[in-house]
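For reference, the structure discussed in these notes is given below.
Every heavy atom of this structure was used, including side-chain atoms; hydrogens, water molecules and symmetry mates were not. For ligands, and for the atoms within them, numbers begin at 1 and follow the listed sequence.
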Amino acid sequence: MDGQNSDKKELLLITGSPRKNGVTAMLAEIFLEEAKRLDKDINVTILDTYTLALNPCTHCGYCKKTPACVHKDFLPVDAALQKADILVIASPVYVLGFPAPLKALLDRSQQYFEAKFSLGITSIKKHKKAILLSAYGSKDNRGILFMEKQLKMIFNVFNAELNAIITARNTDSGNVDFDALREEIKTALAGILLI
Ligand SMILES: Cc1cc2nc3c(=O)[nH]c(=O)nc-3n(C[C@H](O)[C@H](O)[C@H](O)COP(=O)(O)O)c2cc1C
């Protein structure tokens with residue numbers, strides 16, 4: 001056991017936008033700034049799903065018999081999920097859902113469902129608090145509702161509870177109130193870091 005770091009909070013940020021200067025990236029940046037302001041020792045791991053470019057699940061059946069995925073590209077995601085105390089998913093809405101590289105990551109959690117329901121194994125032992133940061137271009141919030149449902153399902157096997165959803169809406173108008181969003185983020189963070 002790493003005695004030196006054992007009391008540090010581990011924050012895992014999974015990003016789902018290809019745009020480095022987009023609204024989602026800005027929300028994630030504000031989130032990290034405010035998290036570090038509240039807890040200067042917090043340890044941050046960032047997984048960019050566009051860089052990871054995970055293979056999609058092929059429903060090969062391997063994880064029904066062995067508690068792992070046959071494709072080894074998921075191993076860094078599993079390692080990061082194992083140690084996280086706080087999980088942040090930062091994603092734009094694409095066609096009322098998650099962009100393909102992030103959806104691939106979520107689909108690959110099938111290995112955890114099979115571990116649980118076919119093999120009776122709990123894969124992710126550490127409980128986490130989770131937050132969804134999202135941006136959508138229109139005033140139509142259906143994407144967020146669908147994404148919330150998907151995350152709640154997957155969080156059963158990620159051992160995570162969804163504590164807050166913070167969204168920038170109507171982003172394609174160019175009018176995004178980042179100050180108001182920062183306040184929302186601060187409130188959400190106080191709820192998970194100060195208790
Ligand atoms: C492929 C694609 C699909 C999109 N689908 C939706 C959608 O279903 N609903 C919506 O409100 N906006 C949609 N948008 C707009 C984005 O959600 C919006 O521009 C968002 O700010 C992009 O995030 P980013 O600024 O972090 O890149 C879509 C954009 C793209 C490129």
* Asked: Considering only heavy atoms of Arg19, which atoms of ligand 1 have at least one such atom less than 4.0 Å away?
  -> 24 (P), 25 (O), 27 (O)
* Heavy-atom contacts under 4.0 Å between Ser138 and ligand 1: side chain, backbone, both, or neither? -> both
* What atoms of ligand 1 come closer than 4.0 angstrom to any heavy atom of Val95? -> 3 (C), 4 (C), 5 (N), 6 (C), 7 (C), 8 (O)
* Numbering as shown, the atoms of ligand 1 that approach Pro92 to under 4.0 Å (heavy-atom distance) -> 22 (C), 23 (O)
* Sidechain N-carboxylate O distance under 4.0 Å for Glu33, Arg182 -> yes
* Protein contact to atom 2 (C) of ligand 1 [nearest heavy atom, distance to 0.1 Å] -> Tyr94 CD1, 3.6 Å
* Asked: Does the side chain of Met153 reach to within under 4.5 Å of the side chain of Phe113, using non-hydrogen atoms?
  -> yes
* Under 3.5 Å, is there a donor-acceptor pair between the Tyr112 and Asn156 side chains? -> no
* Would you say ligand 1 has an N or O under 3.5 Å from any N or O of Val23? -> yes
* For atom 8 (O) of ligand 1, grab the closest protein heavy atom and report residue, atom and distance to one decimal in Å. => Leu96 N, 3.0 Å
* **4.5 Å side-chain heavy-atom contact, Ile42 and Ile86** => yes
* Within a distance under 4.0 Å of any heavy atom of Tyr136, pick out the atoms of ligand 1 and give their elements. => 10 (C), 11 (O), 17 (O)
* Asked: To the nearest 0.1 Å, how far is atom 12 (N) of ligand 1 from its closest protein heavy atom, and which atom is that?
  -> Gly137 N, 3.1 Å
* Asked: Is there side-chain contact between Arg108 and Asp73, with at least one heavy-atom pair below 4.5 Å?
  -> yes
* Counting each atom of ligand 1 from 1 as listed, which ones have a heavy atom of Ser17 under 4.0 Å away? -> 24 (P), 26 (O), 27 (O)
* To do: Carefully, step by step, assess Lys126 and Asp85 under the rule side-chain contact (heavy atoms from CB on, under 4.5 Å).
  => CA-CA 7 Å; Lys126 204 178 200 186; Asp85 300 293; 3.1 Å; yes
* Cluster overlap Ile89 with Leu81, hydrophobic side-chain contacts below 4.5 Å -> yes
* To do: Pick, from Val93, Asp140, Asp172, the option with the minimum heavy-atom distance to atom 28 (C) of ligand 1.
  => Val93
* Is there a path of hydrophobic side-chain contacts, each under 4.5 Å between heavy atoms of I, L, V, M, F, W or Y residues, that connects Leu102 with Leu162? -> yes
* Structure fact -> Closest heavy-atom approach to atom 20 (C) of ligand 1 among Thr171, Val176, Thr24, Leu27 is made by Thr171
